[in-house]
There are 2 protein chains.
Amino acid sequence: MTSRPPRPRERGIPEATVARLPVYLRTLQALQDRGTLTVSSEALASAAGVNSAKLRKDLSHLGSYGTRGVGYEVEYLVYQISRELGLTQDWAVAIVGIGNLGRALANYGGFGTRGFRIAALLDADTAMVGRRVASLDVGHIDTLEAVVRDKGVSIGVITTPAAAAQAVATRFVEAGVASILNFAPVVLNVPDGVDVRKVDLSIELQILAFHAQRRNGDGGRGAEPAGLELT
Amino acid sequence: MTSRPPRPRERGIPEATVARLPVYLRTLQALQDRGTLTVSSEALASAAGVNSAKLRKDLSHLGSYGTRGVGYEVEYLVYQISRELGLTQDWAVAIVGIGNLGRALANYGGFGTRGFRIAALLDADTAMVGRRVASLDVGHIDTLEAVVRDKGVSIGVITTPAAAAQAVATRFVEAGVASILNFAPVVLNVPDGVDVRKVDLSIELQILAFHAQRRNGDGGRGAEPAGLELT
DNA sequence: CCCACTTTGTGCGTGCTTTCACAAGCGCGT
DNA sequence: ACGCGCTTGTGAAAGCACGCACAAAGTGGG
């Protein structure tokens, strides 16, 4: 029953492409640090771990930024991708749930290179409130709305226990945050127009386990311990 | 095609389906905890945040475990999915890189419910080696091969700085670990047959930023359709 | 100026994913 | 026993994504 207005798909850059742009960007920045000035699609694709045709098609969605016979100018491409991803502006991030994971994220210095700034840390535990983590004072969850408003937070990160995640998400949304990164192992329910991405360790492990089981003898049992052969 | 060891296809469950099974599993376990005995595809899909037709098709790849007119028996389905994902056996996990993130993972109690067991923590920093984290003694990275062999490690988790990740991955592979979960922001280069999954915070943030920028007035092109307003 | 060589940008075929729509099955009340 | 209502399982269609292969476009040498 989503009576959403027509989805104009707009200037559609395919979602699959968007997901790869950050990888290209990082690869290009590594090249830049090494002083590389231009790079061919073949070389860049190889470094980014993708097919070169796919890379060229991905980049073609941004525009024609390459030079035939030469390749792409690294610096220029870095700028174009950054701009497309919105990294030329400043994004204020709030992290809710300052447990082990929340602290790890807060201290993760290169929080994705530039563009993102951790503006606030919030927790429900009064024993945690007031403590200083990563050069920020941990605030109480009750101040979420004020913090979002005063600090201009536009991205919310949820690292709370599963039980608290939905409530935090709802408060984020009602406070006007439309981008949420969820580390809690629950499916968040949010209104249309709010963008939720989830990072889930146990899901990744389970997918690995599935393939590992298939590689081994499969069946219901564990078969032999890890296969010893490779190559 | 070259000579693939056993069978390349077997009972091909689509990759997209595999990625969703853990979500269904978790949702079912939540229902189970609440005492629910059976669930319809509609209700389960809603709770898992997917379309009910998709859910039914996904489950149909495992077999016909539902009852028409009734739905799915929760407990039975939990078992079937668990078995398919390989969670009925025990997976020994080694975490390399005991920084903030590594510690967070080590302490993350419900490491994805049952099925996974953290068997070892390794680090290159001698100041960290010997310390006790999450009831385990941190070992030195040089013992990786011995630990993998002795503890039967089949899944490696990399939480090192980017610069060290590739070397660790290579050592894992050569030690016989064919499943790697990588948190370091680099593209890992591994031989065929090794399964690498990556979890990358900054990539997720950048994708969120892209969509957020698009929701707003956009940064490069004013392609904003009429009637897009919020608050 | 022309030609050989390099590399981009893309049309097109192929295969995977999602969604729709409905026949087949199952339980229950009568 | 029978039919009604509900729900699964699945063809079929539509939509995406991927990768090949090649024309177009640019560079550099003679």
Side-chain angles (χ1 to χ4, degrees), chain A residues 1-2 4 6-21 23-24 27-28 31 36-74 76-77 80-81 84 192 207 210-211, chain B residues 1 8-24 27-28 31 36-74 76-77 80-81 84 192 207 211:
Chain A
M1 306 320 188
T2 51
R4 181 171 36 189
R7 184 113 181 172
R9 199 57 236 161
E10 222 178 313
R11 193 64 157 2
I13 294 182
E15 198 51 39
T17 294
V18 172
R20 282 186 294 265
L21 289 179
V23 178
Y24 303 154
T27 308
L28 284 163
L31 289 173
T36 309
L37 295 180
T38 64
V39 65
S40 70
S41 64
E42 194 66 51
L44 180 54
S46 167
V50 302
N51 176 298
S52 70
K54 177 152 63 180
L55 179 128
R56 288 197 299 276
K57 186 157 289 186
D58 282 343
L59 294 184
S60 77
H61 286 112
L62 310 188
S64 277
Y65 297 142
T67 304
R68 295 171 192 235
V70 178
Y72 301 88
E73 191 193 339
V74 174
Y76 187 54
L77 200 49
Q80 290 298 341
I81 295 180
E84 195 67 46
D192 274 7
I207 295 173
F210 172 83
H211 293 300
Chain B
M1 285 305 188
R9 300 289 299 284
E10 205 175 337
R11 186 167 34 149
I13 295 182
E15 197 52 39
T17 294
V18 173
R20 284 186 294 265
L21 288 180
V23 178
Y24 302 154
T27 307
L28 284 163
L31 289 173
T36 309
L37 296 180
T38 65
V39 65
S40 71
S41 65
E42 195 65 52
L44 180 55
S46 167
V50 301
N51 177 299
S52 70
K54 179 150 61 179
L55 180 130
R56 287 197 299 277
K57 184 150 286 189
D58 282 343
L59 294 185
S60 77
H61 286 112
L62 310 187
S64 278
Y65 297 142
T67 304
R68 295 171 193 235
V70 177
Y72 301 89
E73 191 194 338
V74 174
Y76 187 54
L77 200 48
Q80 290 298 342
I81 295 179
E84 195 67 48
D192 274 6
I207 295 173
H211 292 300

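Convention: sequence-line order gives letters A, B, ...; per-chain numbering from 1.
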Under 4.0 Å between any heavy atoms, over every strand shown, what does A:Ala53 touch: base, sugar-phosphate, or nothing? Just pick one.
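If one applies the 4.0 Å heavy-atom cut-off, A:Ala53 turns out to touch a base.
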Can you check the [X] [atom1] to [N] [atom2] distance for me, whole Å?
X       : N      : atom1 : atom2 : value
A:Tyr65 : D:dA25 : OH    : C1'   : 19 Å
B:Leu55 : C:dC20 : CG    : C1'   : 16 Å
B:Tyr24 : D:dT8  : OH    : C1'   : 15 Å
A:Leu59 : C:dG9  : CG    : P     : 8 Å
A:Glu15 : D:dG15 : CD    : C1'   : 15 Å
A:Leu77 : C:dG9  : CG    : C1'   : 14 Å
B:Lys54 : D:dT10 : NZ    : P     : 18 Å
A:His61 : C:dT8  : NE2   : C1'   : 15 Å

I want to verify a distance call: between D:dT10, D:dC18, C:dT19, whose nearest atom is closest to the A:Ala16 side chain?
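From the listed options, D:dC18 comes nearest.
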Rounded to the nearest 0.5 Å, what separates atom NZ in B:Lys57 from atom CZ in B:Arg20?
11.5 Å
Distance col, row B:Leu44:CG vs B:Thr38:OG1, nearest 0.5 angstrom, shows 11.0 Å
Contact under 4.0 Å: [X] side-chain N or O vs [N] OP1/OP2:
X       : N      : value
B:Asn51 : C:dT17 : no
A:Lys57 : C:dT10 : no
A:Tyr72 : C:dG9  : yes

For the student: nearest non-hydrogen atoms of B:Ala48 and B:Tyr24, plus distance:
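Answer, listing the atom of B:Ala48 first, then B:Tyr24: CB-CD2, 3.9 Å.
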A:Ala43: what forms a side-chain contact (heavy atoms from CB on, under 4.5 Å) with it, not counting sequence neighbours?
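Once residues adjacent in sequence are excluded, the partners of A:Ala43 under the side-chain contact (heavy atoms from CB on, under 4.5 Å) criterion are A:Val39, A:Ser40.
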For A:Tyr65, side-chain contact (heavy atoms from CB on, under 4.5 Å) partners two or more places apart:
A:Leu62, A:Tyr76, A:Leu77, A:Gln80, A:Arg83
Selection: residues 41-49 of chain B, any non-hydrogen atom under 4.0 Å of DNA chain C:
none
If the condition is side chain to side chain donor-acceptor pair (under 3.5 Å), which residues does A:Glu73 pass it with, not counting sequence neighbours?
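Not a single residue meets the side chain to side chain donor-acceptor pair (under 3.5 Å) criterion with A:Glu73.
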I'd like to check the salt bridge (Lys or Arg N to Asp or Glu O under 4.0 Å) partners of A:Arg56; sequence neighbours left out, ordered by chain and number.
none
Counting primed atoms plus P, OP1 and OP2 as sugar-phosphate and everything else as base, spell out the protein contacts along nucleotides 22-30 of chain C at 4.0 Å heavy-atom distance: B, S or - for each nucleotide, 5' to 3'.
--BBBS---
Please check if the side chain of B:Ser46 supplies one atom and the backbone of B:Glu42 the other of a donor-acceptor pair under 3.5 Å.
no
So do the side chains of A:Ile81 and A:Leu59 get within less than 4.5 Å of each other, counting heavy atoms only?
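Yes, at least one pair of side-chain atoms sits under 4.5 Å.
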